[in-house]
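Numbers here simply count residues along the sequence, with the first being 1.
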Amino acid sequence: ITRSLPGVNDLFIVAGNDYFSCAVANPASRRCIGFEHWEAPESIHESTIENIFSESHLANPSASYRRVNCAFAGTPSLFVPDALYEKDSAANQLKLAYGDWTGSNSILADDIPELQLKNVHVPESNVQKSISAVFKQCEFHHSATVRLKYLMSFSAPGKEPVILAHVRDEVMDVTVVKGKTFLFHNSFRCHSPEEMLYYLLLVFEQLHVNPETADLFFAGNIDHDSEHFKVARRYVM
């Protein structure tokens, strides 16, 4: 399908620490055409990307995509207000938040003009280089930026805040938006469903949000059958 519609479809890539996903969508019909996912026993590296591209039906440069977007997941990122952002001090801001982080010296800043905000992040240099070699016009972002923009599509002025809880392994990222106002973003280490519930309720309490009326969305490694979702549904949703 992608080859029969050159320059029409968009390719979306998510590169995690130990997984790689790609999806093709048609912007005119707003439909997903295909999805592929790979998991690595260890971390994703250059040879892994080369093997994926050699066997992928979607991540193929001959498809002539209209746009190619890649989001890094699991790499350091930090939301910084536009008024406080300075390109030359971005590395120091990340070090203050993460301590001694490892990665490339290349630092990207995703612009979120609706919130007058930037998401400063460090891409995985070898993975970025491998993807750029195949898709030279690829745009690179951070998955937290994508989640925030997705959350904003549900938020409207005058309504209750919208909360997104992204669960990955034993870490939960919580982002809260109200209208065009960015209220909160933080990461919590959760070793059990009860610990996850504790942090969720803490966020609701600190922001004076009613858990019975606010919109809460889950993303990441969680589904309707998981204990984490069942506990949250019992007390929050």
Side-chain angles (χ1 to χ4, degrees), residues 12-20 43-46 49 67-133 135-153 155 157 161-190 199 202-203 206-207 209 219-220:
F12 299 92
I13 297 171
V14 177
N17 293 329
D18 57 359
Y19 68 89
F20 189 94
S43 60
I44 297 289
H45 45 76
E46 287 178 276
I49 300 297
R67 292 179 60 188
V68 179
N69 287 275
C70 175
F72 288 100
T75 55
S77 79
L78 180 68
F79 288 111
V80 179
D82 283 347
L84 300 178
Y85 172 76
E86 293 181 2
K87 185 177 181 180
D88 293 339
S89 62
N92 289 330
Q93 290 175 321
L94 278 166
K95 288 180 180 179
L96 285 173
Y98 287 92
D100 294 329
W101 47 266
T102 59
S104 73
N105 294 323
S106 170
I107 296 177
L108 302 180
D110 298 339
D111 193 22
I112 310 172
E114 302 91 338
L115 300 177
Q116 298 182 348
L117 198 68
K118 285 182 173 54
N119 186 15
V120 182
H121 62 100
V122 184
E124 214 302 318
S125 59
N126 291 332
V127 174
Q128 182 184 17
K129 188 185 301 181
S130 299
I131 296 174
S132 297
F135 299 103
K136 301 186 183 304
Q137 302 302 319
C138 181
E139 298 179 16
F140 293 95
H141 304 282
H142 195 276
S143 59
T145 305
V146 178
R147 293 197 301 271
L148 178 57
K149 290 190 174 184
Y150 174 75
L151 193 62
M152 288 172 57
S153 67
S155 183
V162 182
I163 300 97
L164 177 65
H166 182 264
V167 181
R168 49 186 175 90
D169 299 325
E170 294 185 341
V171 176
M172 177 178 64
D173 302 317
V174 180
T175 308
V176 185
V177 172
K178 184 176 183 180
K180 298 298 182 183
T181 303
F182 179 68
L183 294 182
F184 181 86
H185 177 81
N186 203 355
S187 298
F188 303 94
R189 188 161 293 279
C190 309
Y199 286 119
L202 182 63
V203 171
Q206 293 297 315
L207 297 178
V209 176

Can any side-chain N or O of [X] pair as donor or acceptor with the backbone N or O of [Y] at less than 3.5 Å?
| X | Y | result |
| --- | --- | --- |
| Glu86 | Ser89 | no |
| Ser130 | Asn126 | yes |
| Asn119 | Leu78 | yes |
| Glu124 | Gly16 | no |

From [X] [atom1] over to [Y] [atom2], what is the distance, rounded to the nearest 0.5 angstrom?
| X | Y | atom1 | atom2 | answer |
| --- | --- | --- | --- | --- |
| Ile131 | Lys129 | CD1 | NZ | 13.0 Å |
| Phe135 | Cys70 | CZ | SG | 10.5 Å |
| His166 | Met172 | NE2 | CE | 12.0 Å |
| Thr175 | Phe182 | OG1 | CZ | 6.0 Å |
| Lys178 | Lys180 | NZ | NZ | 15.0 Å |
| Asp111 | Gln116 | CG | CD | 10.0 Å |

Can you see which heavy atom on [X] is nearest to which on [Y], and at what distance?
| X | Y | value |
| --- | --- | --- |
| Gly179 | Val177 | O-CG1, 3.4 Å |
| Asp110 | Phe140 | OD1-O, 3.7 Å |
| Val122 | Leu94 | CG2-CD1, 3.5 Å |
| Ala144 | Phe79 | O-CZ, 3.9 Å |
| Ser106 | Pro123 | O-CD, 3.2 Å |
| Leu115 | Thr181 | CD2-N, 4.0 Å |

**OP:** Please test Tyr19 against Val14 for side chain to side chain contact (heavy atoms under 4.5 Å, CB included), starting from the C-alpha separation and ending with a verdict.
**Re:** CA-CA 8 Å; Tyr19 68 89; Val14 177; 3.9 Å; yes
Verify the distance criterion only: is there a donor paired with an acceptor across the side chains of [X] and [Y] at less than 3.5 Å?
| X | Y | answer |
| --- | --- | --- |
| Asn17 | Ser43 | no |
| Ser187 | Asp173 | yes |
| His121 | Thr75 | no |

Subject >> Verdict with reasoning, Phe188 to Val171, per side chain to side chain contact (heavy atoms under 4.5 Å, CB included) >> reply: CA-CA 6 Å; Phe188 303 94; Val171 176; over 6 Å; no
Determine whether [X] and [Y] make a side-chain contact, defined as any pair of heavy atoms from C-beta on separated by less than 4.5 Å.
| X | Y | answer |
| --- | --- | --- |
| Val162 | Val176 | no |
| Leu108 | Val120 | no |
| Ile112 | Leu148 | yes |

Subject >> Chi angles and distances behind the side chain to side chain contact (heavy atoms under 4.5 Å, CB included) call for Gln93, Val80 >> reply: CA-CA 9 Å; Gln93 290 175 321; Val80 179; 3.9 Å; yes
**OP:** Assess the pair His142 and Phe72: is the distance between their ring centroids shorter than 6.0 Å?
**Re:**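 No, ring centres 6.0 Å or more apart.
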**OP:** Assess whether side chain to side chain contact (heavy atoms under 4.5 Å, CB included) is satisfied between Leu117 and Tyr85, documenting all intermediate values.
**Re:** CA-CA 9 Å; Leu117 198 68; Tyr85 172 76; over 6 Å; no
